[in-house]
Amino acid sequence: MNQDYIVPDNWSVIEEGFEPAHVRSSESLFSLGNGAMGQRANFEEDYSGSTFQGSYIAGVYYPDKTKVGWWKNGYPEYFAKVLNAPNWIGIQIEIDGENLDLKTCKSVANFRRELNMKEGWYKRSFQAVLPNDVEIQVNVLRFLSLEVNEVGAIRYQITPLNKSVNVTWKPYVDSGIENKDTNWEEKFWKVDAIKQYKNAGFIQSHTLKTNFEVVTFMDNQVFLDGENLNLQPAAVTQEESKVQLSYSVSVGQDQTVVLQKFGGYVTSMNHAVENLFEAAQNAIDRANQLGFETLLSNQIEDWDRIWQMSDITIEGDVKAQQGIRFNIFHLNQTYSGKDSRLNIGPKGFTGEKYGGSTYWDTEAYCIPFYMATKDQNVARNLLAYRYNQLEKAIENAEKLGFSNGAALYPMVTMNGEECHNEWEITFEEIHRNGAIAFAIFNYTRYTEDESYIPEKGLEVLIGIARFWHQRATFSTHKNKYVILGVTGPNEYENNVNNNWYTNYIAKWCIDYTVQQIENVAQKFGSDYTRIMNKAKLSQAEISEWKKVADNMYFPYSEEHGVFLQQDGFLDKELVSVANLDKAQRPINQKWSWDRILRSPYIKQADTLQGFYFFEDHFTKEELKKHFDFYEPFTVHESSLSPCVHSIQAAVLDRMEQAYTFYLRTSRLDLDDYNKEVHEGLHITSMAGTWMSIVEGFGGMRVKNGTLSFDPKIPAEWQSYSFKVNFRNRIFKVQVSQSGTEIFVDGDQNIAIQLNGESFEAKSLLNI
């Protein structure tokens, strides 16, 4: 834990007291999103202190030219930037001619932020004394509508406390923004047109290179003590990349003046370019017809529907409860499942770091959450996203010298093309192919949807199997197939030979693909013929694949009785994390990369990741041996690490350890464990937090087509509960210190396994 200023609360994230050092962290923590757009919790008014301004539009990106000192063949030509979009929330505020800026105020008292996760809104309030000695009370409420997902709403209230004042509101839209992470300090946006009509302002701009067209808009109304003043702007300022309106109001002491601002984006992804201004006006009209209060009421209802399915309740541990809801809230803010063109970026709408919108995190961590908490079609859309980019994956492999339809899915992408600009990731972290194949297996195992593989999935699996076949090398020395020069999930080991996890998942991918080819041949003859002809796949080629899979090399230590993370791991100085000076943590911010690579320290679960995916391939005793060997060297400086360790500690009945890891993953950002929350949140690992409870403490698995639970409960909790959608039946699991109850919706009981024994879940019409 590196920060401890968030007030524990079951349903809200709360900050009390104004501390400039917390501003950028809070901008991340209190971020808003609705699946179509999002923004950091920047102040609406001017702030001259340290801030990270950030607004984002789903699917809109810029291909920033790769910047490296030494170009390598096959290197991606660009690094896709999640674009900092035009800012529509801005409101300059002058009170008796003095600009409101918390940095320059004489004093700020009773400052409070609240992100209400239950209802989907963000509120901020404070009292301030301005340099001209005017004392004011400010209350601001903001939300991004789920119902009208092109619209966000702000209600900004000011009450003068010590005198009558003149308040001048200057709401604006600004397209003159920049990304903090540009490689070449290029401008990413070009303004095409600025318009103003009555109380509305519009800026049409497009992204350079990718040519996404966007109209950013706002509409404003001013109220005094609840009465709409029906003001028209006293002044309109149009600059090269900004449109700003001005309203002046005389406000008596203890009166309340309000600026209500609707704003947002319409894009060429959803509208014809020539209709963008009309679409923006339609969004404004719809928001005004509904009105602020109705939009807010509908927002609360929409979030209630989300929570009805996705909530996890924890009794007796407020920090644990706040942590899991924080994670679930941001997952639902980031991806709704409505648009198959979109995916789950590692920072979501909270920051720019990492770039791209899709990592292997989606398949390895996120699909289980969306599969179980929403309709299975949402997870199917995530799989279809990769199918739709298969040709790009084949092109990625061709750039590296692979042939015959071998597919290498990108480590980072926006459109299927690799766009990551670190060679040890781009070229070597090829295990991502395995996660994509595993997601297909995981989806079909969970949903029993037999149609996906013959329709789409088998083509993906064939491309991946071809890649592994070509990527392996036959070692005459070992008389085995080896995979050289890779980076596993543990990115603190680069360019290693025979990473166990990579080798194991490569073998599994080939075996699974062969099984599915045989299954499709038996059950879906026409699809089989179509796919074999399209892929030009022969039995002779499949036999060559099997030679690789059946003769794959796995490094193993007889001395320790464990698979080795990679060749040469035992050559390291095996000093455990417990003996590492805490002042040296996190090592990725304290040590040179050379020192990290020579150390035994593991960024995230690597060998244990394989034991998580393929748990039923190994005995519990084997898991114990590997957990005990590798966990002491793991620094968990990847957000994806603690959740896997929490799940496996629960399997091993080490509940104190499982609980500690759960708190770390659930409060990773709230408590800023890795000292980087100011850059944005770790969205994809939040799905791992959900897994820590459902798969870890709840012990949920699918065994022989049946839903199985092996529940455990931390000593710190009185009870917990969760719901899952399994094959279109909703199960509710309630676990307490005294036992477990499992219910299922509908009027028919259904067979389950509980603690290894067969039972029937109790049928209730409404759960």
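Remember, predicted model here, so these are calculated numbers, not experimental data.
The aromatic rings of Trp303 and Trp307 are tilted relative to each other, their planes meeting at an angle between 30° and 60°. Aromatic ring orientation, Tyr335 versus Tyr370: perpendicular (interplanar angle above 60°, classes split at 30° and 60°).
Between the side chain of Gln321 and the backbone N or O of Ile312, at least one donor-acceptor pair lies under 3.5 Å. Looking only at distances, a side-chain donor or acceptor of Arg727 sits under 3.5 Å from a matching main-chain atom of Tyr446. The backbone N or O of Thr706 sits nowhere less than 3.5 Å from a side-chain atom of Asn704 that would complete a donor-acceptor pair. The backbone N or O of Ser145 lies less than 3.5 Å from a partner atom in the side chain of Asn34, making a donor-acceptor pair. Formation of a donor-acceptor pair under 3.5 Å by the Gln753 side chain with backbone atoms of Ser708 is not found in this model. Judged by distance alone, the side chain of Tyr662 and the main-chain N or O of Ala320 form a donor-acceptor pair under 3.5 Å. In this structure a side-chain-to-backbone donor-acceptor pair under 3.5 Å is missing from Ser336 to Gly35. At distances below 3.5 Å, not a single donor-acceptor pair connects side-chain atoms of Tyr612 with backbone N or O atoms of Ala605. A donor-acceptor pair is defined here as one N or O able to donate and one able to accept, closer than 3.5 Å; no such pair exists between the side chain of Asn551 and the backbone of Tyr481. Of the possible donor and acceptor atoms, none in the side chain of Gln604 sits under 3.5 Å from a partner among the backbone N and O of Ser639.
Once rounded to the nearest 0.5 Å, the distance linking CG of Asp710 with CG of Asn755 reads 5.0 Å. In this structure, the separation between CE on Met309 and NZ on Lys723 is 6.5 Å, given to the nearest 0.5 Å. One finds the CZ atom of Arg325 at 12.5 Å from the CG atom of Asn327 (value rounded to the nearest 0.5 Å). For the atom pair Phe329 CZ and Leu32 CG, the distance stands at 6.5 Å (nearest 0.5 Å). For the atom pair CD1 of Ile542 and CD1 of Ile462, the computed distance is 7.5 Å after rounding to the nearest 0.5 Å.
Leu408 has its side chain within reach of Arg432: a pair of non-hydrogen atoms, C-beta onward, lies under 4.5 Å apart. At least one side-chain heavy atom of Pro368 sits under 4.5 Å from a side-chain heavy atom of Trp690. For the pair Val412 and Tyr359, the minimum side-chain heavy-atom distance is below 4.5 Å. With a 4.5 Å cut-off on side-chain heavy atoms, Gln376 and Glu448 do not count as touching. Two residues are said to be in side-chain contact when any heavy atoms from C-beta on lie closer than 4.5 Å; Lys347 and Val82 fail this criterion. Residues Asn332 and Phe369 have side chains in contact (heavy-atom distance under 4.5 Å, counting atoms from C-beta outward). Counting heavy atoms from C-beta outward, Pro642 and Leu668 have side chains that stay 4.5 Å or more apart. In this structure, the side chains of Asn503 and Val486 stay at 4.5 Å or more apart for every pair of heavy atoms.
Counting only N and O atoms by type, the side chains of Asn377 and Arg380 include no donor and acceptor under 3.5 Å apart. Side-chain contact annotation: His431 with Glu429, donor-acceptor N/O pair under 3.5 Å present.
In this structure, Asn396 has no side-chain hydrogen bond (donor to acceptor under 3.5 Å, both in side chains) partners at least two apart in sequence or on a different chain. Every residue two or more places apart in sequence or in another chain was checked for a side-chain hydrogen bond (donor to acceptor under 3.5 Å, both in side chains) with Gln470, and none qualifies.
Nearest heavy atom pair, residue Ile483 against residue Ala506, reads CD1-CB, 3.8 Å. Nearest heavy atom pair, residue Ala687 against residue Cys366, reads CB-CA, 3.7 Å. The two atoms that bring Gln748 and Arg729 nearest to each other are O-NH2, 2.7 Å, heavy atoms only. The shortest non-hydrogen separation linking Thr684 to Asp361 is OG1-OD2, 2.7 Å. Residue Ile752 comes nearest to Phe731 through the heavy atom pair CG2-CE2, 3.7 Å, listed as atom of the first residue, atom of the second, then distance. Scanning all heavy atoms of the two residues, the minimum distance from Thr413 to Gln389 falls at CG2-OE1, 4.0 Å.
Within a 6.0 Å sphere centred on NZ of Lys620, heavy atoms belonging to other residues, nucleotides or ligands number more than 12. Enclosure of atom NZ in Lys546 by more than 12 non-hydrogen atoms of other residues, nucleotides or ligands within 6.0 angstrom is indicated.
With Asn404 as reference, Glu541 is the one residue of Glu398, Glu541, Lys536, His469 to meet the side chain to side chain donor-acceptor pair (under 3.5 Å) rule. Each of Tyr501, Phe618, Tyr504 was scored for a ring pair (Phe, Tyr, Trp, His ring centres under 6.0 Å) with Phe611, with one residue passing: Phe618.
Not less than 6.0 angstrom separates the ring centroid of Trp500 from the ring centroid of Tyr630. Taking the six-membered ring for Trp and the full ring otherwise, the centers of Phe441 and Phe438 sit less than 6.0 Å from each other. Checked against the 6.0 Å centroid criterion, the rings of Phe697 and Trp717 qualify as a close aromatic pair.
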Full working for salt bridge (Lys or Arg N to Asp or Glu O under 4.0 Å) between Arg530 and Glu459: CA-CA 10 Å; Arg530 171 181 58 82; Glu459 292 178 54; 3.3 Å; yes
Pair Val548-Trp468, side chain to side chain contact (heavy atoms under 4.5 Å, CB included): steps then yes or no: CA-CA 9 Å; Val548 172; Trp468 289 124; over 6 Å; no
Using the rule given for side chain to side chain contact (heavy atoms under 4.5 Å, CB included), can you reason through Thr358 versus Ile344, listing the C-alpha separation, both sets of side-chain angles and the distance that settles it, and then say yes or no? CA-CA 6 Å; Thr358 313; Ile344 305 115; over 6 Å; no
Evaluate the criterion side chain to side chain contact (heavy atoms under 4.5 Å, CB included) for residue pair Met700 and Phe726; output intermediate values, then yes/no. CA-CA 11 Å; Met700 187 183 82; Phe726 179 70; over 6 Å; no
Using salt bridge (Lys or Arg N to Asp or Glu O under 4.0 Å), reason through Arg701 and Glu615 one step at a time and then give a plain yes or no. CA-CA 10 Å; Arg701 304 289 190 275; Glu615 181 181 70; 2.7 Å; yes
Check the pair Trp545, Thr513 against side chain to side chain contact (heavy atoms under 4.5 Å, CB included), reporting the backbone distance first and the verdict last. CA-CA 10 Å; Trp545 296 355; Thr513 302; 3.8 Å; yes
Apply side-chain hydrogen bond (donor to acceptor under 3.5 Å, both in side chains) to Thr689 and Thr665, showing your working. CA-CA 6 Å; Thr689 303; Thr665 183; 2.9 Å; yes
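Under 4.0 Å is where a charged nitrogen must lie from a carboxylate oxygen, and between Lys399 and Glu418 no such pair does.
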